[in-house]
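Following: one structure in structure tokens, then a few remarks.
Note on naming: letters A, B, ... go to the chains in the order of the sequence lines (proteins, then strands), and numbering restarts at 1 for each one. Remember, predicted model here, so these are calculated numbers, not experimental data.
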Amino acid sequence: MPVLVVKDGPGPGTQVPAQLQRIPIPLLSPTSDCTGKTVKGRVVHKGPLVSMGEDNYVLKTVIQEEDSQQNMSPEHSSINIILFGALAKDYSESVSQGDMLLVTGFTVGNSPTAQKDKLHACNLQLAGDDAWMYVWPSTVSPRASVPRKRTSPASTEVTKAVKVVKYTYVPLSDLKPGVVVNVYAVVTFFKQPFRTKGTDYCSTLKITDQSNKKVGCTIFCDKLEEHPKIFKMGDVIRLHRVKTQLFNGAISLLTSHGFSVVTFDGMVGSPVVPRTSSGSFKFGEEDCQVVEALRTWAANQSLVPAEPCVPLSAVQPKTYFDLTCQLLATAPVDSSCTLLKVWDGSKCPHPLLDVFVEPNTLEGSPTLSKDMANLTANVLVYDNHVEVARQFKPGSYLRIYNLHAVPGASRLPSNDSGQSDQTGHLGFHLHGGTSYGRGLRVLPEDSPDILDLKRILETFSESDINDSSMFEVWSTPPESFGTAPDEIATERTCDHTVEQVSLAEVKSRGPPQVFHVQAQLKSYQPQRLYQSLKLFCHKCKTIELPSESPSRTLTLLMSSQLMGKGKAKELIFLKGATLEETCRIASAYSNIVPVTSPQGTMTPLDLSAPFLFRGTKRYYGCKQCSQLKVGESLGEGVEVWDEKSVADALGVQLLQYGLLMKLELQDGTGSLEALLWRDAESFFHVSAEDAAADQEAQDRVQETMDRLCPPGSSTAERPWMDLCLSAYTVEENGQRRACYQICHTDTRGTNPHTHPYAAPSDT
DNA sequence: GCTTAGGTTTTG
């Protein structure tokens, strides 16, 4: 019983070589040059194996090209294939009608049956060592056969001639002990990989398929990334080369040599995207069909008893649940415990436990405002999960499995000082061990659940932007402060001498004037620091918020003028892309300009969206001052494309990034609100443009604010600041009022080693 | 080199 699979391993030999070029069947003629060419189609007819004497066979089969142009008649896209010798025998035994077939090393002849069968006027003939064949099986075979290498000497020659990539998938109910098989199934239980006492990580699964048999599966592998990427129950899994084994009277599956795994989202209708770290796995349209069949079947089976994923808004105390969330910050607690601060944008009806940690041990954004809004969940991760959790970076998206909602105060040492009574507040524990699938993992940003979560989190920040207290900041024109800036001294280290005064005195003296004050930071806005990023126009002085473009359909366009100069890739026009798509494309090209093309002329979008993407940076244009050039000649004589030359070429008045914050200062005599705007970049030692694109720059701003106003700190704990204040008058609706701005002040010295602009040493 | 785990709640 020879089974024909010669190479069933995921080695390079099973890949269709990339240099082969496919010929559409309708274009085949007896004069076609067939060297290095392939023909592909579905097997629509498979004739009997005809013996012509000892070890000599002939077999006729018909394949039909499925993706031929629609106006081609079917007779031109279907062709006879004649197979000779051992190849015919192997084909007969391993290929079925409905399989997808790709052949190479063929010759083209005239089809003697063209008149009769009305198929292609030519046929393909395959014989000898040059003929190769790749087969993708169309359906899950009910046979419990196992692909394996031929061993008889006679077959060795055949193996040179044929390569058949064919996997047979065995229904779980048909598994017999002691064989290596491939299976397709739906995951009904899983544990994220955990360390064993041996050399490997272990994943424990329970799977089922249409045969309704439930089978346990244990995966050992020393590389985490080669473990199945299972995100939730109901995911579809494809296992290659797993070994059946009797354990406690039942069949179970275990990894065997050459094991590989691919998983898929289990939701009916979601795209069939294989999740794998392997670069050489096989995946064809037949796999799509199997995945979809399993999804549809599982959808009617109630395999997953209750939805384990619960948002914070629906968490019940004392229950276990799965949480899908974004990581805000982490802090190590001790060797067997790590704190994760997370949110999912939903508001928990029960008060959430706050866990205070030393700010210098916290990695990630401040969560103060979200803490106050009862949005931040504090998750304590114990024992075996600590190793996993400490790899996570703030901002990433997580799923935490079997999280325990525990009412009552945390017993963390830092919490014992008793600032507030948190009895009954909900804390979350990921206990040690792996019972009930306890564990946690990062989910990719493009997985369906995370796309949903992102939408929720975005909605949340948009509603936050409309916070009325922020309007005051935005409507204040900071550029209108009056007195000569040169007279304003810097902080205490400056040579300028202005008598230091109290905040009460600043208010009583009024503008226009410059003051030296010593004060502490009482509060600041915006708490979400990315909201401090503003765009402003040097020409007309307007300030805007960065915004994003809506979804459209996507077209890549290139400038014909640039193409003529061989520079087409330096400036790409992109039509109808979403923000996310644009960002992806921007990582591959130096300059991306989103456009619309009404009446066929390329026009930059209205300037509420970036007009240019350069790498991670986005550039905006002023709506009032830009005079867009439509369909005009582009960039004559431009040698270097950067944001300025692109803006010039498009007629865009480039907006500059700026940082705008409102700081509430206090000293013993009172409090006063001051803006940080004109000198914000030197204050923070970052450029606003960097802060718009670079997490590290944003972190630096955050660190500075955390030093001035440590999260959870009392007033007494906050440092004093030497500040230069400029007082000026603003006219609004005919009303004049005093405004204050912090100028010529920077935070150098507070933590000099972290500042790239710190004074150079003498060496 | 060829085991490891084999679902079923920490005790913070």
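If you check dT9(B), dA5(B), dG6(B) against the side chain of Gln245(A), the one that comes closest is dG6(B). For His431(A), the listed nucleotide lying nearest its side chain is dG12(B); candidates were dT4(B), dG12(B), dG7(B). Side chain of Thr218(A), nearest nucleotide from dG1(B), dG6(B), dG12(B): dG6(B). Considering only the side chain of Phe194(A), dG6(B) comes nearest among dT4(B), dG6(B), dT10(B). Closest approach to the Asp383(A) side chain among dG7(B), dG12(B), dT4(B) is made by dG12(B) (side chain taken as heavy atoms from C-beta onward).
At whole-Å resolution of the value, NE2 in His257(A) and P in dC2(B) are 15 Å apart. Atom CG in Asp222(A) sits about 12 Å away from atom C1' in dC2(B), given to the nearest Å. Following rounding to the nearest Å, Asn378(A) (CG) and dG12(B) (C1') show an atom-to-atom distance of 15 Å. Rounded to an integer number of Å, the gap from CZ of Phe428(A) to P of dT11(B) is 20 Å. Here the P atom of nucleotide dG12(B) and the CG atom of Asn384(A) are 17 Å apart, to the nearest Å. Atom-to-atom, CD of Gln192(A) to C1' of dG7(B) comes out at 14 Å; the value is rounded to the nearest Å. The separation between Phe190(A) atom CZ and dA5(B) atom P is 20 Å, rounded to whole Å. Between Asn248(A) atom CG and dT8(B) atom P there is a gap of 13 Å when expressed in whole angstrom units.
Figure legend: cation-pi geometry between Arg275(A) and Phe231(A), with NZ or CZ positioned under 6.0 Å from the six-membered ring centre and within 45° of its axis.
Positionally, the nearest nucleotide of DNA chain B for Leu254(A) lies more toward the 5' end than for the other of Ser336(A) and Leu254(A).
The side chain of Ser435(A) places an N or O atom within less than 4.0 Å of a non-bridging phosphate oxygen (OP1 or OP2) of dT8(B). Remark: Lys191(A) is in phosphate contact with dT8(B), judged by side-chain N or O atoms under 4.0 Å from OP1 or OP2.
Remark: ring of Tyr436(A) does not overlap the six-membered base ring of dT8(B) in a stacked fashion, as centroids less than 5.5 Å apart with planes less than 30° apart are not both met. Lacking a ring centre under 5.5 Å from that of the base six-membered ring together with a plane angle below 30°, Tyr382(A) does not count as stacked on dT10(B).
At a threshold of 4.0 angstrom between heavy atoms, the contacts of Gly216(A) with the nucleic acid are absent. At the heavy-atom level, Arg195(A) lies nowhere under 4.0 Å from the strands shown. When heavy atoms are screened at a 4.0 angstrom cut-off, Leu205(A) is found touching no nucleic acid atom at all.
A centroid separation of 6.0 Å or more is found between the aromatic rings of Phe220(A) and Phe259(A).
No side-chain heavy atom of Asp287(A) sits under 4.5 Å from any side-chain heavy atom of Tyr167(A). Residues Leu253(A) and Thr244(A) meet the side-chain proximity criterion, which asks for heavy atoms closer than 4.5 Å.
Salt bridge absent: Lys232(A) and Asp235(A) never bring a charged side-chain N and a carboxylate O closer than 4.0 Å. Using a cut-off of 4.0 Å between Lys/Arg side-chain N and Asp/Glu carboxylate O, Lys341(A) and Asp354(A) are scored as salt-bridged.
For dT8(B), the O4'-C1' to base torsion is within 90° of 0; the nucleotide is therefore syn.
The separation of dT10(B) from dG6(B), taken at their P atoms, amounts to 14 Å, rounded to a whole angstrom.
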